[in-house]
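Positions are given from 1 along the sequence.
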Amino acid sequence: MLTNEMRDIISGSVQWGWVLEPDAKRLFSLAGFDVPRYILARTHDEAALFAAGIGYPVVAKVVSPKVIHKSEVKGVVVGIDSDEKLFGAFDRFSSIEGFSGMLVEEMVSGGVELIVGAKMDEQFGPMVLLGIGGVGVEIYRDTSLKMAPLDEKDAASMITSLTAHKLLEGYRGSDPIAMDVLIQTLREFSELVMELEGLIASIDLNPVMCTAKRCVAADARIILTA
C-alpha cells in the first residue's frame, strides 16, 4: 500500500514528469525493496563523509531534472576508490545542466544483471517485464512479459521462459541466484505497480543485481503520466 511519503514523492515529481533517482530509490526502499546504501550529496564533504562510512569503492551519479538518461552525459562513474576521484566526479557533474547534487552509493557487484520493468497498457493495464539487464538488455533482447499482478507461479514462469535462465540457476560453476528472492521481488514489484496505476507511465529497474543472497535495485527510473 502506498504510504503518504510515497505519494508525496510522486506528487513532488510531477513538475519534472519523472522521479529523480534518489527519490525513486527512497520510494522503493519504503516499499520494502533492497536498494544500495546511498546519499544525495550536495557538497564534497557530504560525499566524502558518506563514502568513508560505507567504504570505497562507490558509484557516483549525476542528479538533474534535465538528465533522464545519465549515460548520454557521462553522468555515471563506477569504481571510485578515493576522495580525489570522488571530488573529480562531483566537479564534472556540477557543470551539467540542472545539477542538483550527486548520488553516491555502495557499489554492488557480482551475480547476474536483470531488468525488471513495467508499462501501463491501454488495453491490458499494468504489464511486468523481466529480462537480462544492464547493457545486455539491448544486445540480447531476452525478456518475458506478463500482466500484473503476479502470483508465485507467474513469477517463476517468467524466469524459466528467459532464454538465458540457466545463468540464473548456476552455469559452469557460477553460483545460482537466490531464486526465491527474485520471485518475491517480482511479486512485490507487480503489487506496487498496481498501486501506482494511473500515476505512472513506466518503471525501469535496470540493473537489478541478483546474487546468491539478494536482489538489489541498483538503478531506478519512474516516468509519470502526462
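Note: Met209 CE to Leu114 CG = 9.0 Å, rounded to the nearest 0.5 Å.
If you check the side chains of Asp91 and His44, you find a donor sitting under 3.5 Å from an acceptor.
Connection of Trp16 to Val62 is not established within any shared hydrophobic cluster, with ILVMFWY side chains joined at heavy-atom distances below 4.5 Å, either directly or through further cluster members. In the hydrophobic clustering of this structure, Val19 groups with Ile68; members are Ile, Leu, Val, Met, Phe, Trp, Tyr whose side-chain heavy atoms approach within less than 4.5 Å, directly or through other members.
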| request: Go through the steps to decide whether Leu30 and Ile9 satisfy the test side-chain contact (heavy atoms from CB on, under 4.5 Å), and finish with yes or no. | output: CA-CA 11 Å; Leu30 289 168; Ile9 289 172; 4.3 Å; yes
| task | Kindly indicate, with the supporting measurements, whether the criterion side-chain contact (heavy atoms from CB on, under 4.5 Å) is fulfilled by Lys85 and Val77. | result | CA-CA 9 Å; Lys85 292 180 181 178; Val77 182; over 6 Å; no
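Looking at Ser161, its side chain never comes within 3.5 Å of a backbone N or O of Ser144 through a donor-acceptor pair. For the pair Thr211 (side chain) and Gly111 (backbone), a donor-acceptor distance under 3.5 Å is absent. Looking only at distances, a side-chain donor or acceptor of Lys25 sits under 3.5 Å from a matching main-chain atom of Ala218. Asp142 contributes no side-chain N or O that, together with a main-chain N or O of Ile132, makes up a donor-acceptor pair within less than 3.5 Å.
For the salt bridge (Lys or Arg N to Asp or Glu O under 4.0 Å) test with Glu21, the passing option among Arg26, Arg221, Lys70 is Lys70; the others fail.
Looking only at side-chain heavy atoms (C-beta outward), Phe28 and Ile222 come within less than 4.5 Å of each other.
Annotation: Glu97, atom CD; neighbour count of heavy atoms from other residues, nucleotides and ligands within 6.0 Å does not exceed 12.
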